[in-house]
Amino acid sequence: MKIVAIVQARMGSTRLPNKVMKLIGGTPMIELLLARLSHSQEIDEIVVATSNTRQNDPLVSHVRALGYQCHQGSEEDVLDRYYQTARASLATTVVRITGDCPLMDPALVDQMIREYKAAGVDYFSNVNPPTYPDGLDIEVFSFAVLERAAKDASEPFDREHVTPYLRVSNRFSQASAQGEENLSGLRWTVDEPADFDVISQVFAHFAPEIHFTWQQVLDLQRTRPQLFSANKQLIRNEGANMGTGQKLWKRAKQIIPGGNMLLSKRAEMMLPDQWPAYFSKAKGCRVWDLDGNEYVDMSLMGVGTNSLGYGNHEVDMVVRQVVELGNMTTLNCPEEVYLAEKLIEMHPWADMARFARSGGEANAIAIRIARAASGRDKVAVCGYHGWHDWYLSANLGENENLAGHLLPGLEPNGVPQNLRGTVFPFTYNNYAELEALVSAHDIGVIKMEVVRNKGPEDNFLQKVRKLATDRGIVLIFDECTSGFRQTFGGLHKMYGVEPDMAIFGKTLGNGYAITATIGRREIMEAAQSTFISSTFWTERIGPAAALKTLEVMERTKSWETLTKIGLGIRESWQKLADKHRLKIDQWGLPALTGYTFQSPNALAYKTLVTQEMLAKGYLAGNSVYTCTEHTPEIVEGYFAALDPVFALVKECEDGRDVMGLLNGPVCHGGFKRLN
């Protein structure tokens, strides 16, 4: 019998990169583990099994320099990597140890090997069920059963995690060891930064001694629990049930405030603890996550940016040409002139244009120009207009001023207090409220979305236009979201009301960053009396993508397709609700349409829909940004999958506990802090 301990280790950990080579007291973690494990009396050889990517070269070099064998195999198929390592080592018995468990006790390893021998089984462990601290997991099995598993196991989960097939296939005899007390709630492994901090403190306590026992660590935790508090909220073996994107999201939140750059894309807004979070590729209306899972996007479609679908061939071809020819130089790109001419041609009331790369920037540009042109600072707003100080200042002194325009909970921390009283929200379709604001304050700018969740009533837009004209107020229509979805240009064209300025974004570049602010000459020329300038507003990809996107839109009349798809989705939602005797409210533009269950559990139901649809291969919540790639077949498949989910919601309305159906917490419903 040759007993080989195979230590599974790699540098590419998603949640804590390079963890096995991180220094604890000046020594790499993997070296500490191997040194401790080398004191085993039962193990004949210790081998490290890692993947064959170049990222692992420092690990391989270090392990071999220490005198240990290091076998490299598949990155994804860890079961095959284990099998090939055991085969090359001529092992008859394999002891599985993971490289993120530096507190592994060789005496405990020896105990498990002896109990394996005594039990006479194929597979033996102390993890089924777990009673030892997480970080002391030991599995012992014969080479013969490993070989059989390597040949027979077909599920990706079994290939990635090596031993589940041995435990659950019912093909192998097995036994397990249990401790005198259940200590499985203690966390001594290293998966995340908090874990590393805890383990580092343990080694620092015993330094320079590294060969302390696991019982000594247990005594330390009981006498000095504060040393172990940093990771106590983490869940045992959580990583085994998490996708690569979920792991990366947890890592991101440690190093990026909020986890990412856009609140709408945060996992907590969709499906906390389950959302894939990151993509590897996208095409049409399909998205692939980091694990290669394919989803149909019946949700945000790039938060409304990709109305022509992901990876539109014509737009992408132009961008590739720009990359080949050059994106940024000392000179200006000619495309920005051509784009300005095109937008002015589409909007005869406008004479000039300025470009930026995000909606928030365009809104800030428009406000700066409008204030400069009117000579007045105070602004009346209706709708959502970005994150900049000028807008968020409406919440200074009263955090709920924008609650009707944004999701509630948006606090103005960091916004200078001297901006208080410069921005005044008004309610859409409430002309009297706006008129009162204008009369009570020296309003110089009215900025609004052309449509909120429903259209104008009682000539609302015409009245706003007349009020602005009569009082010498600059009227800005924010069409960042609504532009090019229902008309070729903006919703204001449909209602026959011309602003003094308009802002476009999102759909303008079909996923490439470009936004535009257009306006009348006498207004726009005020930009020259202030300072508005940015290096990356002059890059070439954005304007080039916009020109081609507009060309494709105009040729295909994409806005008609988007509207038709959205109206069809609305009708089908209602039919589904009626079928299951559910009440829903519908809202938004046809091309940006959504629904809400009329229930106190509406947010939980939205979470349930997202969870169940994700399992069926759909990115879906309770709203859809339509795109031209949402073909009838795609939409039909979506509703076929959604039907039984609505049936589940009905069961909950009739008394079933919705929380019992959720595999995690309810999604967030507002602009509150996401930890």
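One is the number of the first residue; the rest follow in order along the sequence.
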message = Closer than 4.0 angstrom, basic N to acidic O: yes or no for D442 and K378?
response = no
inquiry  = Quick check against the 3.5 Å criterion: does S280 have a side-chain atom that pairs as donor or acceptor with the backbone of D289?
reply    = yes
inquiry  = For a 4.5 angstrom cut-off between non-hydrogen side-chain atoms, does H385 reach W390?
reply    = yes
query = Which of these passes side-chain contact (heavy atoms from CB on, under 4.5 Å) with F426: V438, L437, I443?
reply = L437
request  = Tell me, with the steps shown, if R251 and Q254 meet side chain to side chain donor-acceptor pair (under 3.5 Å).
outcome  = CA-CA 5 Å; R251 172 175 152 197; Q254 300 296 319; over 6 Å; no
key: Criterion salt bridge (Lys or Arg N to Asp or Glu O under 4.0 Å) on R485 and E560, from CA distance to verdict   = CA-CA 8 Å; R485 296 193 195 280; E560 294 181 359; over 6 Å; no
inquiry  = Just checking W387: does its CH2 atom have more than 12 heavy atoms from other residues, nucleotides or ligands closer to it than 6.0 angstrom?
reply    = no
task = Using a cut-off of 6.0 Å, state whether more than 12 heavy atoms not belonging to K283 lie near its atom NZ.
result = yes
query = Under 4.5 Å between any side-chain heavy atoms of F477 and I503, yes or no?
reply = no
query = Can Y310 and D297 be said to form a side chain to side chain donor-acceptor pair (under 3.5 Å), step by step?
reply = CA-CA 10 Å; Y310 297 124; D297 195 339; 2.6 Å; yes
query = Does a side-chain N-to-carboxylate-O contact under 4.0 Å join E653 and K583?
reply = no
request  = Could you tell me if the ring centre of Y595 sits under 6.0 Å from that of F646?
outcome  = yes
inquiry  = For the CZ atom of R371 and the OG1 atom of T530, what is their distance to the nearest 0.5 Å?
reply    = 11.0 Å
inquiry  = Ring centroids only, cut at 6.0 angstrom: are F504 and H347 within range, meaning strictly under it?
reply    = yes
request  = Could you tell me whether the side chain of Y391 and the main chain of V423 form a donor-acceptor pair under 3.5 Å?
outcome  = no
key: Reported OG-to-CG distance for the pair S599 and L582, which is rounded to 0.5 angstrom   = 9.0 Å
task = Would you please test W275 and E268 for side chain to side chain donor-acceptor pair (under 3.5 Å) and show each step?
result = CA-CA 8 Å; W275 195 243; E268 291 84 354; over 6 Å; no
task = Ignoring hydrogens and angles, tell me if any N or O in the side chain of K506 forms a donor-acceptor pair with the backbone of V303 under 3.5 Å.
result = yes
task = Output, in order, the C-alpha distance, side-chain angles, deciding distance and verdict of salt bridge (Lys or Arg N to Asp or Glu O under 4.0 Å) for E571 and K575.
result = CA-CA 6 Å; E571 182 181 355; K575 287 181 179 178; 3.4 Å; yes
key: Donor on one side chain, acceptor on other, Q598 and D585, under 3.5 Å   = yes
key: salt bridge (charged side-chain N to carboxylate O under 4.0 Å, His left out): pairs with one or both residues in residues 468-477, sequence neighbours excluded   = K466-D470
request  = Indicate yes or no: does K557 engage E554 in a salt bridge with an N to O separation below 4.0 Å.
outcome  = no
ask   = Looking just at side-chain N and O atoms, do Q417 and R420 make a donor-acceptor pair shorter than 3.5 Å?
value = yes
ask   = Can Q486 and T563 be counted as having a side-chain donor-acceptor contact under 3.5 angstrom?
value = no
inquiry  = Is it true that, when you exclude K463 itself, more than 12 heavy atoms of the residues, nucleotides or ligands shown sit nearer than 6.0 Å to its NZ?
reply    = yes
Please tabulate, one pair per line, all N/O donor-acceptor pairs under 3.5 Å involving side-chain atoms of residues 323-339, not counting sequence neighbours.
from : atom 1 : to   : atom 2 : distance (Å)
N327 : OD1    : R540 : N      : 2.9
N327 : OD1    : I541 : N      : 2.8
N327 : ND2    : E539 : OE1    : 3.4
T329 : OG1    : L331 : N      : 3.0
T329 : OG1    : L331 : O      : 3.0
E335 : OE1    : R540 : NE     : 3.1
E335 : OE2    : R540 : NE     : 3.1
E335 : OE2    : R540 : NH2    : 3.3

task = For T517 and R354, test the side chains for any donor-to-acceptor distance below 3.5 angstrom and give the result as yes or no.
result = no
Test: R520 and D351 ion pair at under 4.0 Å = no
query = So, do R555 and E314 sit near enough that their side-chain heavy atoms are less than 4.5 Å apart?
reply = yes
request  = For residues L550 and L343, determine if any side-chain heavy atom of one lies less than 4.5 Å from a side-chain heavy atom of the other.
outcome  = yes
message = Measuring only between side-chain heavy atoms, which start at C-beta, is C667 closer than 4.5 Å to L271?
response = no
message = Looking only at the side chains, is there a donor atom on one of H492 and E498 sitting less than 3.5 Å from an acceptor on the other?
response = no
ask   = So, for F597 and Y605, is the gap between ring centers shorter than 6.0 Å?
value = yes
N363 side chain to Y384 side chain, donor-acceptor N/O pair below 3.5 angstrom = no
is_close_aromatic(F279, Y295), centroid dist under 6.0 Å = no
task = Could you check if a side-chain atom of L508 sits within less than 4.5 angstrom of a side-chain atom of T549, using non-hydrogen atoms only?
result = no
task = Walk me through it: do T305 and T507 pass the test side-chain contact (heavy atoms from CB on, under 4.5 Å)?
result = CA-CA 5 Å; T305 59; T507 63; over 6 Å; no
task = Please report the C-alpha distance between N306 and Y512 in whole Å, then the side-chain angles of each, then the deciding distance to 0.1 Å, and finally whether the side chain to side chain donor-acceptor pair (under 3.5 Å) criterion is met.
result = CA-CA 9 Å; N306 292 79; Y512 294 100; over 6 Å; no
inquiry  = Would you compute the distance between atom CD of E629 and atom CZ of R286 and round it to the nearest 0.5 angstrom?
reply    = 10.0 Å
